[in-house]
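What follows is a short report on a single structure.
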Protein chains: 2
Amino acid sequence: MTRGTGRGAGSAAPRSVDVARLAGVSQKTVSRVFNDEPYVSADVRRRVLDAAEQLGYRLNNAARALASGRTRSIGVVTLGTALYGPASLLMGVERVVRDTGYALRVVNTMEGDPAGVAGAMDSLLDQGVDGIVISEPIDEQTDGGAPALRLDVPVLVIGAPPPVKAPTVLTAGHGADLMARTATEHLLDLGHMTVHHLAGPQRWYAARDRLEGWQAALTAQDREVPAVVSGDWSAASGYRAGRELAEDGGVTAVFAANDDMAIGLIRALTEAGRRVPEDVSVVGFDDIPVAAYVTPPLTTVRQPFDAVAQEGLKRLVHAIENPKAEPLTPSGPPVDLVVRASTAPPPPSRKTPARGRRTGSRAARASSPPLANGGLSTRH
Amino acid sequence: MTRGTGRGAGSAAPRSVDVARLAGVSQKTVSRVFNDEPYVSADVRRRVLDAAEQLGYRLNNAARALASGRTRSIGVVTLGTALYGPASLLMGVERVVRDTGYALRVVNTMEGDPAGVAGAMDSLLDQGVDGIVISEPIDEQTDGGAPALRLDVPVLVIGAPPPVKAPTVLTAGHGADLMARTATEHLLDLGHMTVHHLAGPQRWYAARDRLEGWQAALTAQDREVPAVVSGDWSAASGYRAGRELAEDGGVTAVFAANDDMAIGLIRALTEAGRRVPEDVSVVGFDDIPVAAYVTPPLTTVRQPFDAVAQEGLKRLVHAIENPKAEPLTPSGPPVDLVVRASTAPPPPSRKTPARGRRTGSRAARASSPPLANGGLSTRH
DNA sequence: GTGAAAGCGCTAACAA
DNA sequence: TTGTTAGCGCTTTCAC
């Protein structure tokens, strides 16, 4: 058998005994130093560190994991897309995970993936992780009601109700429903009779959340709830939906489930001769980087991805390291409505005097050139 | 010591001996079955699999890695951004890695990160990986010339010259320079005297590549090479650059280093009263999902992220598994120019008769509504 | 404060 | 085709 963890061809990688020998201490002491355990004199610690440095020693994680039963790594299951939302979340997760001293293993699910989230988690479990993050899960095509996956590591689900059974199941995230509600109310406050919704694929919890928030806002003010148009998150699908919506003269306000679809929608509307925002107002969701620079600059709600990731992972790590303790309680992030130029009061012909007696959204109009930070923003 | 790899609280995880006992074979045979080694009778294999299933057995990867010296995992170093390019590349890498049977470990570098790429690779090495992918590296602020990092696992660098020393160093990717050249030539073929360039941050190899391609296209036709304007990939920076460029009446064509900047640029130009594409043509880079739906639909070059990732990883895995063999030779992906509505011949006043004697770009104009696939596309 | 001994669960060589 | 015997490099337990 060749020595080393695949690190070297000729020269075997140094082990802790080698360091121990050179430092003139026992192997166990080396272990103590590298684990920051107490009861090592400053002098010994120095010697060990020097010897390690000199030899180019690095702890062998496989051996460590085998002996300790912990891999010090966290797995994350993401959708295999470069969509702004999921990608941002993943980056946020990585940042926090590294800060906590864990390693990150990533597995994707693709829509239509036969194994789905279950398969992805399984592969994570095979790899051996101490905890799992499921980011924006979607429904599996549970033919015949697949049983919830059972795990024995703590799980954090971002943006959705937990589809698993595990010793600890945490959820994080914002309630996209609250944000959706805020977006819808902004439109209502502007004087629109009702608001249409361009939804995401309903297999996504994220999409359903937004739909619910939209509905809640409407019913809370006794407004008519129009039929939902659905897309697949892409600008292309937003464009298709836009052609449909453009034919209905009654549409004066649309809340799109993400910015990409909103952009496609606006294009279709514009091509059909319906001006945005003069004839139709559009609100997006996510605040993607280009949102402030498209024509017209897009009013949208911003998701605090970093905050969500950070807050959730803090609790996950806590659960991993304190299996017996009570899970920490989540703290909700703020909702951030960014008002730009794609929303306005409805056209006079259809304008309703019913401004509602709502408070809240102090909606203001951004002046035409996009501001450095991309418009006015209101915290809720 | 508690048993198991962090899997269970009470019930210890079953080991291969347990499976062996139940199946009535030796432990080694179980190992053979789970490694798809030859010389196991179908009958025995069945029995082992059944026993494993019954016990809920899964291979312990830490033990496996320790004994074999291989972790069967590949690490990837990415920029910590949700930018479309890097994110797409990461997704592509994940897909391929999983297909090859390896696990994926991810580490980000942030711009301004003190440890930088070196630190990221180091943390990967600590974790123990069999190979490393560096995606779109950027220059480190090498104060005093930091020495190239030495590794002893194969490395694949996507989109850049290798900043490391390793037993095998592979590069993948496209030559953004070729694509940049194609984009620039498209503009020249349209009749523009010269083409301005809105560059990305020059610390990125990706940005420098594009700049070089643009320059090459210009000098090959003896055109004037205008001063470069730089941005930071964001639409906001494109907008700022656009305000500058708008003041120079001589600008009739701009090649932007990515689509986000192109969108910001177009907005600034439009606000300054310069119509796109009538007065100024703009070409982007990446073909982000909304590119076909902004106003005007954006002409751009599409990067074949999946193809690049797949091709590169195939070679990396080959190098990992055949340390002695010659590295495979890369195959370059095709260049895909997508012509939409943001480019046109220059305005008459400034139009030059010098159409050049170039062949190539059979540029055609997309009709106004974006096509399903978002415009015409030409392979080079 | 430090060290010795005993595994963690697997794969690698060699036998049978 | 299958089994036996040694480790892989650490952490753990317990002794000093």
Side-chain angles (χ1 to χ4, degrees), chain A residues 1-8 12-48 51-52 55-72 125-128 130, chain B residues 1-8 12-48 51-52 55-72 125-128 130:
Chain A
M1 180 197 301
T2 39
R3 194 121 73 39
T5 52
R7 291 226 203 95
R15 300 150 303 158
S16 57
V17 263
D18 301 324
V19 177
R21 202 142 35 211
L22 183 60
V25 297
S26 79
Q27 183 271 331
K28 171 68 225 191
T29 298
V30 175
S31 172
R32 283 206 180 89
V33 170
F34 276 86
N35 285 293
D36 275 326
E37 285 174 33
Y39 304 127
V40 184
S41 70
D43 170 54
V44 171
R45 163 165 272 120
R46 257 260 63 72
R47 274 178 17 232
V48 169
L55 259 28
Y57 169 74
R58 44 183 14 134
L59 232 159
N60 180 320
N61 243 292
R64 176 142 97 154
L66 177 57
S68 69
R70 292 187 39 202
T71 60
R72 281 148 231 264
L125 258 12
D126 272 349
Q127 293 175 44
D130 295 341
Chain B
M1 179 200 301
T2 38
R3 194 120 72 38
T5 52
R7 292 227 201 92
R15 300 148 306 157
S16 57
V17 263
D18 301 324
V19 176
R21 202 142 35 212
L22 183 60
V25 298
S26 80
Q27 183 271 330
K28 173 68 224 191
T29 298
V30 175
S31 172
R32 284 209 177 85
V33 170
F34 276 86
N35 284 294
D36 275 325
E37 285 175 33
Y39 306 128
V40 183
S41 70
D43 171 53
V44 170
R45 165 166 268 117
R46 258 258 64 73
R47 269 175 24 227
V48 169
L55 260 29
Y57 169 73
R58 45 185 11 134
L59 232 161
N60 179 320
N61 242 293
R64 174 141 100 154
L66 177 57
S68 69
R70 293 185 41 203
T71 59
R72 282 148 232 263
L125 257 15
D126 271 349
Q127 294 174 43
D130 295 341

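Every chain is numbered from 1, with letters handed out A, B, ... down the list of sequences.
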Under 4.0 Å between a side-chain N or O of [X] and OP1 or OP2 of [N]?
{"X": "Thr29(B)", "N": "dG3(D)", "value": "yes"}
{"X": "Ser26(A)", "N": "dG3(C)", "value": "yes"}
{"X": "Ser16(A)", "N": "dC10(D)", "value": "yes"}
{"X": "Arg15(B)", "N": "dG9(C)", "value": "yes"}

Would you kindly give the [atom1]-to-[atom2] distance between [X] and [N], to the nearest whole Å?
{"X": "Gln27(B)", "N": "dT11(C)", "atom1": "CD", "atom2": "C1'", "value": "8 Å"}
{"X": "Arg70(B)", "N": "dG9(D)", "atom1": "CZ", "atom2": "P", "value": "16 Å"}
{"X": "Arg21(B)", "N": "dG3(D)", "atom1": "CZ", "atom2": "P", "value": "14 Å"}
{"X": "Asn61(A)", "N": "dC8(D)", "atom1": "CG", "atom2": "C1'", "value": "14 Å"}
{"X": "Leu66(B)", "N": "dG9(D)", "atom1": "CG", "atom2": "P", "value": "7 Å"}
{"X": "Asn60(B)", "N": "dT11(D)", "atom1": "CG", "atom2": "C1'", "value": "14 Å"}
{"X": "Arg64(A)", "N": "dT11(D)", "atom1": "CZ", "atom2": "C1'", "value": "10 Å"}
{"X": "Leu59(B)", "N": "dC8(C)", "atom1": "CG", "atom2": "P", "value": "17 Å"}

Is there side-chain contact between Leu59(A) and Asp126(B), with at least one heavy-atom pair below 4.5 Å? no
Side chain to side chain, Asn35(B) and Arg64(B), heavy atoms closer than 4.5 Å: yes
For Asp43(A), which residues count as a side chain to side chain contact (heavy atoms under 4.5 Å, CB included) partner, sequence neighbours excluded? Ser41(A), Arg47(A)
Non-neighbouring partners of Leu55(B) that pass side chain to side chain contact (heavy atoms under 4.5 Å, CB included), sequence neighbours left out: Pro14(B), Asp18(B), Val19(B), Leu22(B)
Of Gly24(B) and Tyr57(A), the one whose closest DNA chain D nucleotide lies more 5': Gly24(B)
Arg46(A): what forms a side chain to side chain donor-acceptor pair (under 3.5 Å) with it, not counting sequence neighbours? Asp50(A)
Counterpart residues, side chain to side chain donor-acceptor pair (under 3.5 Å), relative to Gln27(B) (two or more places apart): Ser16(B)
Partners of Arg32(B) by salt bridge (charged side-chain N to carboxylate O under 4.0 Å, His left out), sequence neighbours excluded? Glu37(B)
Numerically ordered, the residues 32-44 of chain A set in heavy-atom contact under 4.0 Å with DNA chain D is Asn35(A)
Any N/O donor-acceptor pair, Lys28(A) side-chain to dA4(C) base, under 3.5 Å: no
